[in-house]
Amino acid sequence: MRLDIDKLRAYYADAPDDLSLSDIDLDRIPAHVSIIMDGNGRWATARGLDRSRGHVAGVDALREAVTTSVRLGLDALSVYAFSTENWRRPKREVDLLMHLFATTLVKELPLFHQENVRLRFLGDLTALPEKTRTVFQRGLDETADHTGMTFALAVNYGSRAELARAARELAADVAAGKIAPEDVDEEAVAAHLYTAGLPDPDLLIRTSGEMRLSNYLLWQLAYTEFYVTPTLWPDFGRWDFLRAVAAFQGRSRRYGGVVSS
Ligand code: FPP
């Protein structure tokens, strides 16, 4: 637990009527929270703005989610920023998102340094524009020594593609005689996923009310608690995050077993 209680109290000083920091059990903070950030387009359209403005507002919400996760002492925060299916969006929107990923990363590097956040990516980055890839690599290099929270950004990520890739790699290892077919167990599969080495998420948050997984972390979410909120991503703030943690703490996790007393 890397939580700094004074910083956390200061961060959560301005409590709304329905929730306060004391509603949270600080000894039971989820280690890994994952977020499907949804609703940027609707947020913008509801204001008569271009969808791109929703993504720009989404960056502010993401910065707050990263800071909140650090303050709460999470080991990892992962977010779904761009799926393998998102290439089907209009080219203008895809270009804007790729540009936004690159510029945001450069802009936020000081925050990652200040908060000791280590960056990693989930997904096939080879298909991204060169500029975006270059900046991503810079982010990886500059934060490689950081020992605090891991921030994992899923970009050009699709869970089925990830599982197929793991199967291909394992099949190649078997064909090359490096491993035997019996060695292909759950641990071996997990080690070939983009998330290798990360704990599975304890809590998945999805904004904007949609009740689906959208090809996200199908393997890793096997025992994860889900929290869906109608709040659109650009409106999702630190107290919404705390509400999700409070809901998580109200669940009894059984992992297919019985309730422990
Ligand atoms: C979902 O809203 C959001 C995305 C597909 C993109 C996520 C991007 C950000 C939060 C902005 C920047 C991120 C980084 C990493 C810098 P949607 O467009 O699907 O919204 P809709 O469902 O209302 O159309």
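The model shown is predicted, which means the values in this text are computed figures rather than measured ones. Numbers for residues simply follow the sequence, beginning at 1. Ligands are counted one by one from 1 in listed order, and the atoms in each one are counted from 1 as well.
Scanning all protein heavy atoms for the shortest distance to atom 8 (C) of ligand 1 gives Asn40 ND2, 3.8 Å. Considering only non-hydrogen protein atoms, atom 20 (O) of ligand 1 sits nearest to Gly41 N, 3.0 Å. Among protein heavy atoms, atom 24 (O) of ligand 1 sits closest to Arg51 NH1, 3.0 Å. Summary of contacts: the protein heavy atom closest to atom 11 (C) of ligand 1 is His55 O, 3.4 Å. When hydrogens are left out, the protein atom nearest atom 7 (C) of ligand 1 is Ala81 O, 3.4 Å; that is the closest non-hydrogen contact.
Checking Glu85, Met37, Glu108, Arg89 against atom 17 (P) of ligand 1, the nearest heavy atom belongs to Arg89. Closest heavy-atom approach to atom 13 (C) of ligand 1 among the candidates Phe151, Phe101, Trp43: Phe101.
Taking a 6.0 Å sphere around CD of Glu186, one finds it holds 12 or fewer heavy atoms contributed by other residues, nucleotides or ligands.
With ligand atoms numbered from 1 in the order given, ligand 1 contributes 11 (C), 12 (C) to contacts under 4.0 Å with heavy atoms of Val59. With ligand atoms numbered from 1 in the order given, ligand 1 contributes 10 (C) to contacts under 4.0 Å with heavy atoms of Trp233. Taking a cut-off of under 4.0 Å to the non-hydrogen atoms of Thr104, the atoms of ligand 1 that pass are 16 (C). In summary, the atoms of ligand 1 found under 4.0 Å from a heavy atom of Leu62, numbered by their order in the structure, are 13 (C), 14 (C), 15 (C). Short contacts between ligand 1 and Leu153, defined as distances under 4.0 Å to a heavy atom of the residue, involve ligand atoms 15 (C). Heavy-atom contacts of Arg42 reach the following atoms of ligand 1: 21 (P), 22 (O), 23 (O) (cutoff under 4.0 Å).
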Give the C-alpha distance, both sets of side-chain angles, the deciding distance and a yes or no for side chain to side chain contact (heavy atoms under 4.5 Å, CB included) between Ile205 and Phe248. CA-CA 10 Å; Ile205 298 170; Phe248 167 82; over 6 Å; no
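Contacts between Glu210 and ligand 1, counted as non-hydrogen atom pairs separated by less than 4.0 Å, are absent for every part of the residue. Under 4.0 angstrom from ligand 1, there are no non-hydrogen atoms of Arg63.
With 3.5 Å as the limit, one finds a donor-acceptor pair spanning the side chains of Ser34 and Tyr216.
Between Arg92 and Asp50 there is a salt bridge, since at least one side-chain N of the basic residue sits less than 4.0 Å from a carboxylate O of the acidic one. Salt-bridge annotation for Arg42 and Glu210: present, with a side-chain N of the basic residue lying under 4.0 Å from a carboxylate O of the acidic one. Salt bridge Arg243/Asp18: present, at least one basic N to carboxylate O contact under 4.0 Å.
A donor-acceptor distance shorter than 3.5 angstrom exists from the side chain of Thr104 to the backbone of Leu100, with no hydrogens or angles considered. In this structure, the side chain of Glu64 does not engage the main chain of Gly237 through any donor-acceptor pair within 3.5 Å. Checking side-chain atoms of Arg138 against main-chain N and O of Thr134 turns up no donor-acceptor pair under 3.5 Å.
Residue Tyr80 has no nitrogen or oxygen atom sitting less than 3.5 Å from a nitrogen or oxygen atom of ligand 1, judged on distance alone. Between Asp38 and ligand 1, at least one pair of N/O atoms sits closer than 3.5 Å.
To the nearest 0.5 Å, the span separating CZ on Arg71 from CZ on Arg238 amounts to 9.5 Å.
Checking each of Phe121, Phe136, Tyr157, Trp87 against Phe82 for a ring-ring contact (aromatic ring centres under 6.0 Å, His included) leaves exactly one that passes, namely Trp87.
Ligand 1 has at least one atom lying under 4.0 Å from a heavy atom of Gly39.
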